[in-house]
Trainee: 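What follows is a single structure, and I will ask about it in a moment.
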Amino acid sequence: MSSARHILTLFKKELLLEIRQQYSFYGILLYIGATIYVLFMTMDEPEAQVWNGLFWVIQLFICINAVAKSFLQESRGRMLYFYSIVSPGNFVLSKLLFNSALMLIMSLLSLAMFMLFLGNPIQRALPFTGLVLLGGWSLSLIFTFLAAIAARAQQNAAIMAVLGFPLIIPQLLLLSQLANATFNPVLPFHGSTIALLIALDAMVIILAVILFPFLWKD
Amino acid sequence: MTPTKNYMYKSWWKVLSVVLLIYTVVAGLLIKVPDLPALEETIRNLFFHVCMWFGMMILFTVSVINSIRYLRTFNLRYDIYARHYATVGIVMGLLGYATGAVWMSYTWADPNNPATASFSTIAREPKLIGAAIALLIYFAYLVLRDSINDMDKRARISAVYNIFAYAMLFPSIWIVPRILPSLHPGGSEGNPAMNFKDIDSNMRLVFYPAVIGWTLLGVWIATLKIRLSLLKEKQMIQ
């Protein structure tokens, strides 16, 4: 399994870069903290619906900030180097894997911050945490691929938002609908919606692997 | 492709489009329609409103097919095709909104409320959300495409986004409306205009030609724009 080894090596390289340049990691942490603190300052404990809406929108912005740099930080020379030693599929898979891991951590942190500052309307904690992880994963997959597009277009993170918001609407709708069920134990919890979300994530991964080779040639 | 072999330069389908559209307008306003509560005579808007969305989806599909062809051949001609089919698709989508707005103001909007109060409830319709997503995606496609200067790079990156976005669009257009509650016909039981139980057989006689006519008109407009671009970029394209 040489491709698994390649992906793992690239993943380790991402991790090492993250540890060496800790400012970007702490930058995102600060972003989460500052945003949620501003929310805390501007409103008292919101009701469940508002809490839910705010939570997913903040997740969206955290994701854009956390994921945007993944391709933008790669210089032209370094991309050329990767181009000569690894296959595009392995490269994009390692990026997807790393950003998923990053976003999972960030999602949990922002969930904890939200509960701390904005109150806790959640009735079913475990399913909601699962949803947060699934949502963070979905967001990170889509925005990783869009970061690749934005980086190739030599654009900033703003174009990522323009490209990504329409694509993420269905997932956010499904997620917030599922999340509403965790606020109220009476509402049913649809397993098929979760399956649909996972299927969408699988589709994003497949599309990324198919389409990325066209992106990184110059 | 030589001009003589290309359907773009043939005239029979343009004549067909005009004939079908004349038939649509004349027959669409004259035939006997079923008298349904709330809908009444506004049901004739089916021949215009629904056809716009059909046309939009067909044109977007053609745009994606051309993006795929571009990535397979790297012939810039297909990039120009993809762009113009997308633009005309957007125009049809906006017309779909316009005809829908007229229709809903007679059927859905509550006359006792001010227009803005009705709007926020109506704008939450899953079908409207799906259509908004489609239009936003293609607006973003145009922004992305026009933000890159290098011709080959522009073609390649926008083709990749077009394919990716289209593949994501389908779940949202077909699945999400079937999950969320809706006033719009065709929520959980499929498209109402294609459903043989719902639509009157008389209306089908007009509806299918109308779809073909409007789509052909869209293709006609797109080919005119394509021909103009091909002339402008003559040196670049093999």
Side-chain angles (χ1 to χ4, degrees), chain A residues 71 88 92 138 141-156 158-178 180 190 192-218, chain B residues 60 64 67-74 79 90 93 124-126 128-150 152-182:
Chain A
F71 282 90
V92 78
S138 307
L141 291 181
I142 287 199
F143 280 100
T144 304
F145 190 70
L146 292 175
I149 292 181
R152 299 312 286 160
Q154 275 148 4
Q155 296 290 322
N156 48 12
I159 200 145
M160 258 176 75
V162 174
L163 298 178
F165 282 0
L167 297 182
I168 205 74
I169 290 170
Q171 261 125 315
L172 281 182
L173 269 178
L174 293 174
L175 283 168
S176 66
Q177 199 198 18
L178 277 174
N180 264 332
H190 293 294
S192 61
T193 315
I194 296 176
L196 186 64
L197 278 168
I198 294 173
L200 279 172
D201 290 344
M203 197 177 77
V204 174
I205 295 175
I206 293 167
L207 281 170
V209 173
I210 294 172
L211 292 174
F212 188 70
F214 295 106
L215 270 185
W216 86 338
K217 272 185 247 164
D218 235 342
Chain B
F60 284 166
V64 169
S67 281
I68 295 171
R69 278 164 95 190
Y70 173 76
L71 289 182
R72 290 176 72 95
T73 59
F74 293 110
D79 174 54
I90 287 174
R124 277 193 187 280
E125 273 298 311
L128 271 99
I129 297 172
I133 295 171
L135 286 179
L136 282 175
I137 284 175
Y138 279 91
F139 280 130
Y141 166 76
L142 293 183
V143 168
L144 176 71
R145 190 179 179 282
D146 293 343
S147 73
I148 307 167
N149 287 323
D150 182 86
D152 289 298
K153 207 170 172 185
R154 175 170 72 195
R156 203 145 33 80
I157 293 171
S158 56
V160 167
Y161 180 70
N162 196 354
I163 297 165
F164 183 71
Y166 185 85
M168 297 299 297
L169 171 67
F170 256 79
S172 45
I173 280 196
W174 296 104
I175 299 171
V176 173
R178 284 159 176 73
I179 287 175
L180 299 176
S182 169

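Here the structure is a predicted model, which means the values were calculated and not measured. Each chain gets a letter, A, B and so on, in the order the sequences are listed, and its residues count up from 1.
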Trainee: When heavy-atom pairs shorter than 4.5 Å are enumerated against chain A, which of B:Asp150, B:Ile157, B:Leu169 gives the highest number?
Mentor: B:Ile157
Trainee: Between B:Ala165 and A:Leu167, which heavy-atom pair has the shortest distance, and what is it?
Mentor: CA-CD2, 3.7 Å
Trainee: Measure across B:Ile148 and A:Ala153 and return the closest heavy-atom pair with its distance rounded to 0.1 Å.
Mentor: CD1-CB, 3.7 Å
Trainee: Using non-hydrogen atoms and a 4.5 Å limit, figure out which bit of A:Phe145 sits close to chain B: side chain, backbone, both or neither.
Mentor: side chain
Trainee: Report yes if the side chains of A:Arg152 and B:Val160 come closer than 4.5 Å at any heavy-atom pair, otherwise no.
Mentor: no
Trainee: Output all residues satisfying side-chain contact (heavy atoms from CB on, under 4.5 Å) with B:Ala132, sequence neighbours left out; order by chain, then residue number.
Mentor: B:Tyr97
Trainee: Pick from A:Leu146, A:Val162, A:Leu163: which one makes a side chain to side chain contact (heavy atoms under 4.5 Å, CB included) with B:Leu144?
Mentor: A:Leu163
Trainee: What side-chain donor-acceptor pairs closer than 3.5 Å can you find for residues 198-214 of chain A, not counting sequence neighbours?
Mentor:
from	atom 1	to	atom 2	distance (Å)
A:Asp201	OD1	A:Ser138	OG	3.0
A:Asp201	OD2	A:Ser138	OG	3.0

Trainee: Where is the tightest heavy-atom contact between A:Ile142 and B:Met168, given as atom of each residue plus distance?
Mentor: CD1-CE, 3.6 Å
Trainee: For a quick test of reading the model, state the closest non-hydrogen atom pair linking A:Pro166 to B:Ile133 and the distance between them.
Mentor: O-CG2, 3.2 Å
Trainee: Do side-chain atoms of B:Tyr161 reach the backbone of A:Ile149 as a donor and acceptor pair under 3.5 angstrom?
Mentor: no
